[in-house]
S.K.: 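Have a look at this one before I ask anything.
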Amino acid sequence: MIRRRADFLAANRGLRVARPGFVLLAHPNGGQGKRYGITVTKKVGNAVVRNRIKRRFRELLRAALPEHGLPDHDHVLIGRDGGIERDFAKLRDELSDALARAAAGKGDPRRNPRRGRRKGGR
RNA sequence: CCAGGGGGCCGGGCAGCCGCGCGUUUCCGCAAGGGAUGCGAGGAAAGUCCGGGCUCCACGAAGUAAGGGUGGCGGGUAACGCCCGCCGUGGGAAACCAUAGGGAAAGUGCCACAGAGAGCAGACCGCCCCGCUGGUCGGGGCAAGGGUGAAAGGGUGCGGUAAGAGCGCACCGGGAGGCUGGCGACAGUCUCCGCACGGCAAACCCCACCCGGAGCAAGGCCAAAUAGGGACUUCGCGCCCCUUCACCGGGGCAGGAACACUUCGUUCCGAGAAGUCCGGGUUGGCUGCUUGAGCAGGGGAGCAAUCCUCCGCCCAGAUGAAUGGCUGCCCCCGCUUCGGCGGGACAGAACCCGGCUUACAGGCCCCCUGGCAUU
RNA sequence: UGGGGUGUAGCCAAGUGGUAAGGCACCGGUUUUUGGUAUCGGCAUUCGCAGGUUCGAUCCCUGCCACCCCAG
């Protein structure tokens, strides 16, 4: 379990694999074993929705991480809009696929960090 | 049966396997850990709009001022801006609903446009009388009718008059005083006053009542780390020497502690302690932390809100924050080619209570009003 | 947890009891051979939503909604 904000920010610099239900970040943590963290922003929904997404992600990681996880890496799942009504089996397939891609070292291009202050429009 | 009004309640259920948080207990026991067992989100947990408890800070009591709030009366409550009952006003055919509802002859201010006149009134169209006498004339009386406006200085009718007018009278409305009923708001009634003295205080204001500030990231303890700092206040500081006006600073002695005890000896202490603030450091753990204005049931008081009493119960305590995954049966809704398929509202405790407000699929129960039908 | 602010046309906004300025943008006309410029006119604005006070509410009061900011 990742708790510190600094670890989350560090994970943001690692591998990024995007899937319809979530975004997976993987980042080496220097021998601390397989750790995971979950991020769901307020944009996705209210507290009930966010909590439910986090619970489902925990269940996914509990099943997948010991076998398919990357050793000595931090794994961060970021919830996206469809994360609550998406079929659980589909999420599970997407996660193992994403972990395989991350293990092969293939990530999606990183988002451009530090764009200007979002103000007055999206 | 139809239409309408008011109130209360529920918020999917059962089971299996794997997993999560906390408590209790047990096991080899130093610990980690394993086993067993109990409990584990809401009616709004939400918004954070009021009121309290609790903790810290400030403060003689009380009062005044400033600022803010409340505003019919009585009751309930720990308290409230909440709740209950009643009164007044407005709406509705009714059940019932709404209501910030003190003061306008303490003062100040505002009432646009229209209109003759808008605040101790005013005369545009008019009506009536008189005069010269016939005109788009002069003098006077009137405020009933028309017109403007949200509002035009009581209303309707009769009398009266040149025309009119509370000018007079009857009823209604209003004001003042008394009487009766009510704890009271207020209601009823009698007498008097023919009655210009409007509206707005959710305009300033006046009156009555209420309010100290901050918040569990409050507050307390421990560890680590940095630093072994600075300023101020209070209390204290045995004797001698140096320095000094003194404080301060340095040295010695007395005295105290340890070396099991006594003696000797050695070492250490030999003036500081408490509080507040500043500077610097830490963002770890424990506590506060869940038994409380608690919940269920019975009885009693009260129209009710609510209160009293008896008995029983223990019912979340997380901290990147505990409820998830899979499956079966039942329930409800929609679609249906009758095999099935899809869906199940609003929403997640964070110190704890009492309210208010807002969101909400679907469903259940009770009472009342009106209409139709039947008996 | 506590505190503050904003909401008016597509955009930026003034107005604070009497029927909503101004600028940009857009549309139409005139000028020009055409475009630009210039000039004239036009904008169907429930003044964030719902109640209330008032004769009358963007303005006053109450309750909501959305967004933004600040402190710990």
S.K.: Searching all strands shown, indicate the nucleotide that pairs with B/rA202 (Watson-Crick or G-U wobble; both distances under 3.5 Å).
M.R.: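 When the pairing criteria are applied, nothing turns out to pair with B/rA202, so the answer is none.
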S.K.: Taking 4.0 Å as the cut-off, does a side-chain nitrogen or oxygen of A/R56 come that near to OP1 or OP2 on B/rC20?
M.R.: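 The answer is no; no side-chain N or O of A/R56 sits under 4.0 Å from OP1 or OP2.
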S.K.: Closest nucleotide of RNA chain B for A/F8 versus for A/R55: which of these residues is on the 5' side?
M.R.: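 The residue closer to the strand's 5' end, by nearest nucleotide, is A/F8.
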S.K.: With both distances under 3.5 Å as the test, what is the Watson-Crick or G-U wobble partner of B/rG265?
M.R.: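 Matched B/rG265 with B/rC259 under the 3.5 Å cut-off.
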S.K.: For A/L65 and B/rG324, give me the distance from atom CG to atom P, rounded to whole Å.
M.R.: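 The distance from CG of A/L65 to P of B/rG324 comes to 21 Å, rounded to the nearest Å.
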S.K.: May I have the distance from A/L91 (atom CG) to B/rG324 (atom C1'), rounded to whole angstrom?
M.R.: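 Whole-Å distance recorded here is 13 Å.
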S.K.: Could you tell me the Watson-Crick or G-U partner of B/rA95, where both distances fall under 3.5 Å? Say none if there is no partner.
M.R.: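 Looking at the geometry, B/rA95 pairs with no nucleotide.
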S.K.: Just the rounded figure in Å: distance from P of B/rC20 to CG of A/L61.
M.R.: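 Result: 14 Å.
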S.K.: Taking the same atom, P, in B/rA106 and in B/rG139, what whole-Å distance lies between them?
M.R.: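 The answer is 45 Å between these two P atoms.
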S.K.: Does the side chain of A/L60 come within less than 4.5 Å of A/F88's, by heavy atoms?
M.R.: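 Yes; the side chains approach each other to less than 4.5 Å.
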S.K.: Assign each of A/V48 and A/R52 to its nearest nucleotide of RNA chain B by heavy atoms, then name whichever residue's nucleotide is nearer the 5' end.
M.R.: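 That would be A/R52.
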S.K.: Is it true that a side-chain atom of A/N51 and a backbone atom of A/K54 form a donor plus acceptor pair closer than 3.5 Å?
M.R.: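 Absent.
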S.K.: Just how far, in rounded Å, is C1' of B/rG325 from CD1 of A/I53?
M.R.: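 These atoms are roughly 16 Å apart.
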S.K.: Using purine N1 to pyrimidine N3 plus N6-O4 or O6-N4 for Watson-Crick, or N1-O2 and O6-N3 for G-U wobble, each under 3.5 Å, what pairs with B/rA208?
M.R.: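 Pairing partner, where one exists within any strand: B/rU70.
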S.K.: Syn if the chi torsion is within 90° of 0, anti otherwise; quick check, which is C/rU54?
M.R.: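 Syn, angle within 90° of zero.
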S.K.: Using atom C1' of each nucleotide, how far apart are B/rG250 and B/rC222 to the nearest Å?
M.R.: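 So the two C1' atoms sit 40 Å from each other.
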S.K.: Find the distance A/E59:CD to B/rG21:P and express it as a whole number of Å.
M.R.: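 Those two atoms, CD and P, are 13 Å apart.
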S.K.: Using atom C1' in both nucleotides, what's the gap between B/rC110 and C/rU54 to the nearest angstrom?
M.R.: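 My reading of the C1' atoms in B/rC110 and C/rU54 gives 12 Å.
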S.K.: Would B/rA361 be called syn or anti here, given the cut-off of 90° from 0?
M.R.: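 Because its glycosidic torsion lies more than 90° from 0, B/rA361 adopts the anti conformation.
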S.K.: Please give the distance between the C1' atoms of B/rU287 and B/rA218 as a whole number of Å.
M.R.: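 14 Å, rounded to whole Å.
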S.K.: Under the side-chain contact (heavy atoms from CB on, under 4.5 Å) test against A/L77, which residue among A/I53, A/T39, A/L95 passes?
M.R.: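 Checked A/I53, A/T39, A/L95 against A/L77; only one passes side-chain contact (heavy atoms from CB on, under 4.5 Å): A/L95.
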S.K.: Determine the minimum heavy-atom distance between A/L70 and A/K34, stating which atoms define it.
M.R.: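 The answer is O-CG, 3.6 Å.
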S.K.: Do A/L91 and A/V40 share a hydrophobic cluster (ILVMFWY, side-chain heavy atoms under 4.5 Å, transitive)?
M.R.: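 Yes, one cluster joins them.
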S.K.: Only pairs with both distances under 3.5 Å count, Watson-Crick or wobble alike; so what is the partner of C/rU19 in this structure?
M.R.: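 The base-pairing partner of C/rU19, which may sit in any strand shown, does not exist here.
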S.K.: Expressed in whole Å, how much space separates the P atoms belonging to B/rA112 and B/rU99?
M.R.: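 Here B/rA112 and B/rU99 have their P atoms 32 Å from each other.
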S.K.: Could you tell me which nucleotide pairs with C/rG72 by Watson-Crick or G-U wobble geometry, both distances under 3.5 Å, or answer none if nothing does?
M.R.: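 Checking every strand shown, C/rG72 finds no partner, since no pair has both distances under 3.5 Å.
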S.K.: Base, sugar-phosphate alone, or nothing: which one does A/I38 contact when heavy atoms must sit under 4.0 Å apart?
M.R.: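 Counting heavy atoms under 4.0 Å across all strands, the contact made by A/I38 includes a base.
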S.K.: Check the phosphate of B/rC326 against A/R62, side-chain N and O only, distance under 4.0 Å to OP1 or OP2. Yes or no?
M.R.: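 Answer is no, no contact under 4.0 Å.
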S.K.: Could you classify C/rC65 for me, syn or anti, using a glycosidic angle within 90° of 0 as syn?
M.R.: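 Judged by the O4'-C1' to base torsion, C/rC65 sits in anti, the angle falling more than 90° away from 0.
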S.K.: Whether the side chain of A/H75 engages the backbone of A/L24 through a donor-acceptor N/O pair (distance < 3.5 Å, no angle test) should be reported.
M.R.: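 No; judged by distance alone, with no hydrogens or angles, the pair does not exist.
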S.K.: Would you mind telling me which of B/rA321, B/rA41, B/rG324 lies closest to the side-chain atoms of A/N51?
M.R.: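 Shortest atom-to-atom distance from the side chain points to B/rA41.
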S.K.: Given atom CZ of A/R92 and atom P of B/rC326, what is their separation to the nearest angstrom?
M.R.: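 So the two atoms are 8 Å apart, to the nearest Å.
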S.K.: Based on the glycosidic angle (syn within 90° of 0, else anti), state the conformation of B/rG7.
M.R.: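 Classified anti.
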S.K.: Applying side-chain contact (heavy atoms from CB on, under 4.5 Å) between A/L25 and each of A/D74, A/I78, A/L15, report the one that passes.
M.R.: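 For A/L25, the side-chain contact (heavy atoms from CB on, under 4.5 Å) check succeeds only for A/I78.
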S.K.: For a quick test of reading the model, state the closest non-hydrogen atom pair linking A/D87 to A/R56 and the distance between them.
M.R.: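 Result for this residue pair: C-NH2, 4.3 Å.
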S.K.: Taking syn as a glycosidic torsion within 90° of 0 and anything else as anti, which one is B/rG340?
M.R.: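 Nucleotide B/rG340 adopts anti.
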S.K.: With both distances under 3.5 angstrom, what nucleotide forms a Watson-Crick or G-U wobble pair with C/rC49?
M.R.: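 Base-paired to C/rG63.
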S.K.: Determine the Euclidean distance between corresponding C1' atoms of B/rG43 and B/rC10; express it in Å to zero decimal places.
M.R.: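 Their C1' atoms lie roughly 10 Å apart.
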S.K.: Nearest to the side chain of A/R58, heavy atoms from C-beta on, is which of B/rG325, B/rG348, B/rA321?
M.R.: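 Minimum distance to the A/R58 side chain belongs to B/rA321.
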S.K.: To the nearest Å, give me how far apart CZ (A/R35) and C1' (B/rG320) are.
M.R.: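 Rounding to the nearest Å, CZ of A/R35 and C1' of B/rG320 are 12 Å apart.
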S.K.: Is there a Watson-Crick or G-U wobble partner for B/rG33 with both distances under 3.5 Å, and which nucleotide is it?
M.R.: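 Per the H-bond distance test, B/rC27.
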S.K.: I need the CG-C1' distance between A/L95 and B/rG324, as an integer number of Å.
M.R.: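 Spelled out: CG on A/L95 to C1' on B/rG324 is 15 Å.
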S.K.: Please state the C1' separation for the pair B/rG103 and B/rG72 - nearest whole angstrom.
M.R.: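 Each nucleotide's C1' atom is 14 Å from the other's.
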S.K.: Using atom C1' of each nucleotide, how far apart are C/rC59 and C/rG7 to the nearest Å?
M.R.: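 Rounded to whole Å, the distance is 15 Å.
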